[in-house]
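A short worksheet on the structure shown next.
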Amino acid sequence: MRLAEAWRVAADALRANRMRSLLTMLGVIIGVASVVLLVAIGTGTKQTVEQQVEGLGSNLLLVVPGRLDVGSAPAVSPLTLQDVEAVGRVVGDPARVAVTVASGATVRAGNRQDFTTVQGVLETTPTVFARELARGRYLTRSDVDTGRRVAVLGDSVARVLFPDREAVGQQINVAGVRFRVIGVFTPLGQSLGVDRDDEVHIPVTAAQRLYGTQRVDAIAVKAPDRDRIDDLGQRIVAELNGRHPGTEFSAVTQEQILGVLGDILGILTGVLAAIAGISLLVGGVGVSNIMLVSVRERTREIGLRKAVGARPRDIGVQFLLEAVLLTSIGGLTGMALGVGGALLVAAVSPIPAAVTWWSLALAFGVSAAVGIVFGVVPAQRAGRLDPVVALRAE
Amino acid sequence: MSRTLGPVLGVAAIEAVDVSRTYQLDGVSVPALRGVTLTVEAGDYVALIGPSGSGKSTLMHLLGGLDRPTGGRLVIGGREVSGLSAPELARLRNETIGFVFQAFHLLPRTTAVDNVALPLVYRGVGARQRRERAAAMLGRVGLGHRLDHRPNQLSGGEQQRVAIARALVTDPTVLLADEPTGNLDSTTGAAVLELLERLNAESGVALVMVTHDGEVAARARRRITMRDGVVVADTATGPGGVGS
Ligand SMILES: Nc1ncnc2c1ncn2[C@@H]1O[C@H](COP(=O)(O)OP(=O)(O)OP(=O)(O)O)[C@@H](O)[C@H]1O
Ligand SMILES: [Mg+2]
């Protein structure tokens, strides 16, 4: 029997048992769809996070007290503005140094209010983090030096507080203190369900007075030279260690952050793929099971085929092709569902999903392989059946 | 001998010499055939009779190359069975033997024409030619109007006629029918029997038929009687029904 004919025989057999074929496929469909969907979500999340970190601006160095590690608790910062000045001297250009002291606070305007993140910053922030203003102006050196009560609003905050008025020039009330709005940021949009425009920038000096603290949470440096960024980081850490003996500081680059995040998300994607892979395996066992049942149920058919001239190989190939067809069709259906699901998730939820070719190829390859692996035993059993015994079966 | 059109009568289609078949059942040897010697000639019409358990079906399976003897010499279509591999034996079945079973053994959910065409699939005949030949064969058994019916849409007699068409679509030299009318009522059975006899006469295919019906056996040209795994009588009866 030619192979093309064998495919037809297998397809006919599947069609003759539509319901069972469908149920058998279901395991594979679910397995493949979940592989594709979960890997898409993992990959999408990773891409989004990477874009975001890269979007912070290039050659960025973040200086924080403690160790920037997965799972390490944030330490209370001993950093002050004097330390920031010292870092500026190490860098050689204070305009390349930004700071933040952040806290959640309720911001009011008239009878409207919004709970948001209020960040005390230097006038250098737009340079260091590549932020742009939609309207008005950013903080100036003199705003910072004098602790002037002026604020730059994120796009969302501006919309909430001033839905039908221009925000710039208006008064707002931050934790009971009046500030004047001098600018509104260009929107950044959402990522991973977090609104990145939900923030208010005020001079760090004003923030410190507002929160009754001298501290600075973190320092960010835009390194002048990418190649010597690690060296600069070490010198900054050394300087800070000298100023605060006994406290640990870390200076991390974007690459390092990306590396850590990439590792976490890579593991996450792997775990998701593995879970989905297990369901695919379970689907494969289901195929094997049904094929064995099918061989038993169709024993008389096998006997008859042999009686009219089918060789053991013809029967074996027929059942193997049936298994491969089942899992391949299931695999393709699962792929379509997975891709559709990923598009749907990306469209209607904040979870990003990016379908990757390798996950499609892998899922399809695995499902076809599952068909072969789990089809071999039933196929061999069918091929070896004694026709006389098979014909007598009930 | 007026009904015989077999042009090569006298040439052995199947030859069995001292053939035995012993089953192993939980370590116990069950001898189903104990030294059977017989020849089926081209165009022959043989009735195989004997009590239940005497080894008729076992012999039929051997004659059709569906099973192998445990002893003796069996030659089908000029080829010694013991020297053939499983695929070679399958091919021999496909080319020289047609089986008709008591239980029809049609593929369910498969049309009559596709059932009849099945042996041609394993012969490598193309789809269109298969359908043509199967349809023509169904016409010869009087089912030209039932091509696309499925077995569950056919009566028992029609199903057995489909099975006969399937057995003959490859133009075999021997048609082996094991109680072909056993599942049919007497009228339908008689019609099926008539069909088998007509095909034997028309196309010269040798017909070996197991039957429990003495009247039927009397119509065959030869009557082989078995008991306890051996042939106890092998007599020519002829159209006049000459007994031994
Ligand atoms: N697979 C088997 N294993 C063991 N013994 C078997 C097997 N097949 C047949 N036999 C035995 O071989 C003997 C002959 O069986 P067979 O089926 O050939 O009889 P039969 O003449 O066709 O009977 P019936 O008229 O009832 O169909 C019986 O005793 C049976 O029990
Ligand atoms: Mg029998």
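Proteins get letters first, then strands, A, B, ... in listed order; numbering begins at 1 in each.
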Chi angles and distances behind the side-chain contact (heavy atoms from CB on, under 4.5 Å) call for A:Leu304, B:Arg166: CA-CA 11 Å; A:Leu304 186 272; B:Arg166 177 182 63 195; 3.4 Å; yes
Minimum heavy-atom separation for A:Ala310 and B:Ala90, please, with both atom names. O-CB, 3.6 Å
Return yes when atom CZ of B:Arg91 has more than 12 non-hydrogen atoms of other residues, nucleotides or ligands closer than 6.0 Å, and no otherwise. no
Interatomic distance, B:Arg68 atom CZ to A:Asp386 atom CG [nearest 0.5 angstrom]: 11.0 Å
Under 4.5 Å, counting heavy-atom pairs only, tell me which of A:Ala307, A:Pro312, A:Pro387 racks up the most with chain B. A:Ala307
Quick check on B:His105 against chain A: is it the side chain, the backbone, both or neither that has a heavy atom closer than 4.5 Å? both
If you count the non-hydrogen atoms of other residues, nucleotides and ligands that lie under 6.0 Å from CZ in B:Arg227, is the total more than 12? no
Considering only heavy atoms and a distance below 4.5 Å, find which of B:Asp67, B:Leu118, B:Thr58 pairs most often with chain A. B:Leu118
Around A:Arg381, counting heavy atoms of other residues, nucleotides and ligands shown, do more than 12 lie under 6.0 Å from its CZ? no
So, for A:Gly309 and B:Asn94, which heavy atoms are closest and what is the spacing to 0.1 Å? CA-CB, 3.7 Å
Student check: side-chain heavy atoms of A:Leu391 and B:Leu66 closer than 4.5 Å: yes
Structural part of B:Arg130 lying under 4.5 Å from a heavy atom of chain A: side chain
Residue from A:Lys306, A:Arg305, A:Arg311 passing side chain to side chain donor-acceptor pair (under 3.5 Å) with B:Tyr122: A:Arg305
